[in-house]
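The structure appears below as structure tokens.
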Amino acid sequence: MTASPHTHDTVERVGFVMQIRPERVADYLVAHEVVWAEMLAALRAAGWVNYSLFLRKEDGLVFGYVETDDFDAACARIESTDVNARWQAHMLEYFVPTVDRMTRLTGYFHLG
């Protein structure tokens with residue numbers, strides 16, 4: 001098994017929430033049925049591992065989870081890509097307008 005180029009001895013586990021417009025939940029799910037292969041490759045190359053999204057359909061609350069070596073660095077790497085800019089523009093219509101679309105949560109317990 002080959003290690004990721006961004007793997008270190010410690011893994012940062014990050015949880016975050018986002019808010020989808022409740023009336024656009026079904027469309028948002030359809031948009032994620034086929035995530036662009038180029039976007040998936042860019043996420044992997046940026047160090048996003050075990051990336052998962054969970055949705056509460058009744059109000060559009062999204063919980064995201066990712067493991068990475070350094071979340072801020074992984075975000076900077078993905079944000080520097082053209083494909084991410086295109087994907088974010090494509091997804092913008094589904095989100096409730098806020099200053100910060102992704103709100104990071106504070107981790108406080110982990111059963112390893």
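Because only heavy atoms are used, hydrogens play no part in the values below, and waters and symmetry mates are left out as well, while side chains stay in.
- Considering all non-hydrogen atoms of both residues, Met18 and Arg101 come closest at CG-O, 3.5 Å.
- Relative orientation of the His90 and Tyr94 rings is perpendicular, given thresholds of 30° and 60° on the angle between their planes.
- Tracing side-chain contacts under 4.5 Å through hydrophobic residues (I, L, V, M, F, W, Y), one reaches Met39 starting from Met102; they form part of the same cluster.
- Taken together through direct or relayed side-chain contacts under 4.5 Å among Ile, Leu, Val, Met, Phe, Trp and Tyr, Val83 and Leu40 form part of one hydrophobic cluster.
- Separating the NE2 atom in His32 from the CE atom in Met91 is a distance of 5.0 Å, to the nearest 0.5 Å.
- Panel note: side chain Arg21, backbone Phe95; a donor-acceptor pair is recorded below 3.5 Å.
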(request) Give the C-alpha distance, both sets of side-chain angles, the deciding distance and a yes or no for side-chain contact (heavy atoms from CB on, under 4.5 Å) between Leu53 and Tyr28. (result) CA-CA 12 Å; Leu53 296 171; Tyr28 174 80; 3.9 Å; yes
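- Looking only at distances, no side-chain donor or acceptor of Thr68 sits under 3.5 Å from a matching main-chain atom of Phe71.
- Rounded to the nearest 0.5 angstrom, Ile78 CD1 and Tyr51 OH are separated by 9.5 Å.
- Phe63 and Ile20 sit in two unconnected hydrophobic clusters of ILVMFWY residues. Membership requires side-chain heavy atoms under 4.5 Å apart, directly or through other members.
- From Leu43, atom CG reaches atom CZ of Arg77 across 11.5 Å, with rounding to the nearest 0.5 Å.
- Hydrophobic clustering keeps Val96 apart from Leu55 (ILVMFWY residues linked when any side-chain heavy atoms are closer than 4.5 Å, directly or through intermediates).
- In this structure, CG in Asn84 is found 10.5 Å from CD in Glu38, a value given to the nearest 0.5 Å.
- In this structure, the side chains of Gln19 and Thr103 stay at 4.5 Å or more apart for every pair of heavy atoms.
- Under the 4.5 Å side-chain contact rule for hydrophobic residues, Val17 and Tyr65 share a cluster.
- Expressed to the nearest 0.5 Å, how far CZ of Arg86 lies from OG1 of Thr81 amounts to 8.5 Å.
- A 4.5 Å side-chain heavy-atom check between Val35 and Trp87 finds at least one atom pair inside the cut-off.
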